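Heads up: the structure comes next, in structure tokens.
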Amino acid sequence: MDGLVTTAIIGLSLGVEYALLSLGFTLIFGILGVINFAHGGFYMIGGYAAYAAVHFAGMPFPAAVATAMLVTALLGYVCELLLIDRYVSDHLTPMMITLGLYLIISTALIVVFGPEPADFSFPIRGSLRSGGIYITYANLIVLLVCATVIAAVYLLMYRTDFGLALRAMADNREVATALGMRPAQYFPLAFGLATGLAGLTGALVTPTLTLSPFLGDSILGMSFLIVILGGLGSLGGAVIASFIVGIVEAYSRVYLGGSKGALALFVVVLIILVVRPNGLMGRIGRPA
Amino acid sequence: MPTSDRSRPGGGRQDRNVLAVCDMAKAFGGLKVFNGISFRIEPGEVLGVIGPNGAGKTTLINVICGMLRPSSGTIQFDGGNIGGRSFHAVSRLGIVRSFQQTITFRTASVRENLTRAIRFSGSGGVAWAQIGELLDAFGLGPMLDEPSDSLPYGSQKILGLLMAYAANPKMLLLDEPAAGLESRERTRIDRLVLHAREHLGCGILIVEHDMDLIRRLCPRLIVLEAGGVLAQGAPEEVLARSDVIQAYLGQSEDEADRDAATRRTARAAH
């Protein structure tokens with residue numbers, strides 16, 4: 001019984017991390033119609049920026065995480081403005097650009113930090129044990145911060161004029177423009193917000209797992225899986241899918257182990273997609 | 001080719017919220033859609049635009065609203081040249097267009113669609129009470145919280161037009177507002193247009209195939225044909241002209257379609 005509960009907690013904390021990671025991915029797709037292949041790259045930049053801030057600039061960990069988020073957000077903003085913006089209405093070109101961007105990012109990280117995993121660990125050790133339930137303080141803190149940021153993103157998207165504008169852009173760019181909204185003003189901001197979230201996730205999560213310049217592929221793969229499961233472009237769908245993936249992953253790893261665990265995840269995802277081909281909250285087609 | 005001699009480029013105080021298209025030409029590569037057309041719409045005036053399929057009626061709206069750049073000539077609004085300015089910039093000046101298809105924010109509720117239209121408009125939008133009256137008249141009042149894509153087609157189309165209205169336009173460009181609507185629903189267009197003219201005082205350009213609607217709403221009419229203005233004036237005069245009947249009314253829709261297609265092919269071949 002305790003094992004079941006502890007595994008559920010692991011699943012929840014995985015889920016909340018995945019949710020923060022995939023929110024940015026689905027945001028970019030929903031608003032710009034762009035699939036950001038560099039998403040995993042920004043996650044790694046977040047991790048390495050926090051690492052550099054702690055080890056080379058001597059910053060305390062929370063400040064390093066905030067710095068990492070700002071750096072990745074700014075980088076995303078600039079990349080959108082300089083590289084992606086003029087090709088946004090095209091679907092293939094931004095894909096090639098972000099793929100190229102990802103190769104540049106991962107190679108640059110290898111050149112600067114070396115191919116070995118960086119020695120970057122969470123500053124708080126120890127774990128909470130209560131009545132047989134077990135969670136490390138690091139995971140608990142990450143869980144709380146991620147949940148807070150997800151709530152903040154929700155408020156930003158659904159309770160502010162900025163969010164109203166972004167959602168209008170995501171729903172129908174043509175009508176939004178007809179009503180006087182300027183795409184050029186919102187696209188770089190949306191992209192920066194999304195990469196900032198990826199960077200924040202990287203800065204928070206890599207010290208609890210591992211920080212290496214080869215993480216990007218699996219991070220991108222996971223974001224893809226979650227966003228497709230949740231329904232492309234849907235924020236709520238991405239969050240729900242993240243929890244499903246987190247819980248399934250935790251239970252299957254604990255009770256099935258290794259490769260069977262990974263297999264179980266894909267089986268669950270496949271079954272859901274057979275029943276709902278557009279994902280959990282996906283809609284048929286997408287307004288142009 | 002009759003052109004309006006009343007359009008004065010760079011005019012001053014008399015041009016408040018006046019749309020003046022002056023000798024405007026538009027070509028896509030070698031394909032000329034307009035070779036110099038001129039007309040003027042005063043505030044509170046409703047101008048009908050008709051013409052056979054392929055005459056460039058939608059292109060005309062696309063050029064005015066900034067989705068396309070004119071190849072030459074000027075488009076003046078409120079005394080300034082807006083030709084070639086971007087779509088969103090033109091709409092922030094208060095020139096708001098509707099689309100031929102129903103285009104709304106599909107996933108958003110009726111209420112949110114209208115809220116967005118009000119919130120993002122350059123002029124601050126109209127007051128809710130003002131739309132409320134129209135919403136009730138069109139039977140949309142009880143559907144405020146329904147997602148817009150769950151409404152019947154006619155209601156979605158009306159919602160699209162209401163959004164243009166809610167943006168509090170100074171000039172309203174309607175692209176076939178009645179297309180796809182039942183005749184009962186078409187009277188709603190009349191109500192909306194008259195309401196906009198009376199309460200917003202804006203000029204209104206209506207591109208439409210429904211001649212009854214044009215006769216009811218438009219004291220003045222221009223006929224586009226072969227890249228120019230074939231005729232303009234009061235509907236009863238214009239629609240009685242033999243060249244207009246020849247170009248447009250004498251043909252069934254199918255014939256007009258076929259002719260337009262042939263014309264397009266012929267032009268494209270040049």
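Keep in mind that this is a model prediction, so the values were computed, not measured.
- When all heavy atoms of A168(A) and F105(B) are compared, the pair lying nearest together is O-CE2, 3.2 Å.
- Both the backbone and the side chain of M163(B) come within contact range of chain A, judged by heavy atoms closer than 4.5 Å.
- Between E112(B) and L164(A) there is a side-chain heavy-atom pair separated by less than 4.5 Å.
- Taking each heavy atom of S91(B) and A178(A) in turn, the nearest pair found is CB-O, 3.0 Å.
- Of the residues listed (D171(A), N172(A), V175(A)), the one engaging R116(B) in a side chain to side chain contact (heavy atoms under 4.5 Å, CB included) is D171(A), and it is the only one.
- The contact between A167(B) and chain A is made entirely by side chain atoms (from C-beta outward), counting heavy-atom distances below 4.5 Å.
- For the pair R182(A) (side chain) and H88(B) (backbone), a donor-acceptor distance under 3.5 Å is absent.
- Pairing each heavy atom of F87(B) with each of E174(A), the nearest pair is CE2-O, 3.8 Å.
- The line from CG of L179(A) to OG of S121(B) is 8.0 Å long, rounded to the nearest 0.5 Å.
- Atom CZ of F266(A) has 12 or fewer heavy atoms from other residues, nucleotides or ligands within 6.0 Å.
- Contact tally against chain A (heavy-atom pairs below 4.5 Å) for A108(B), A117(B), A89(B): the top residue is A117(B).
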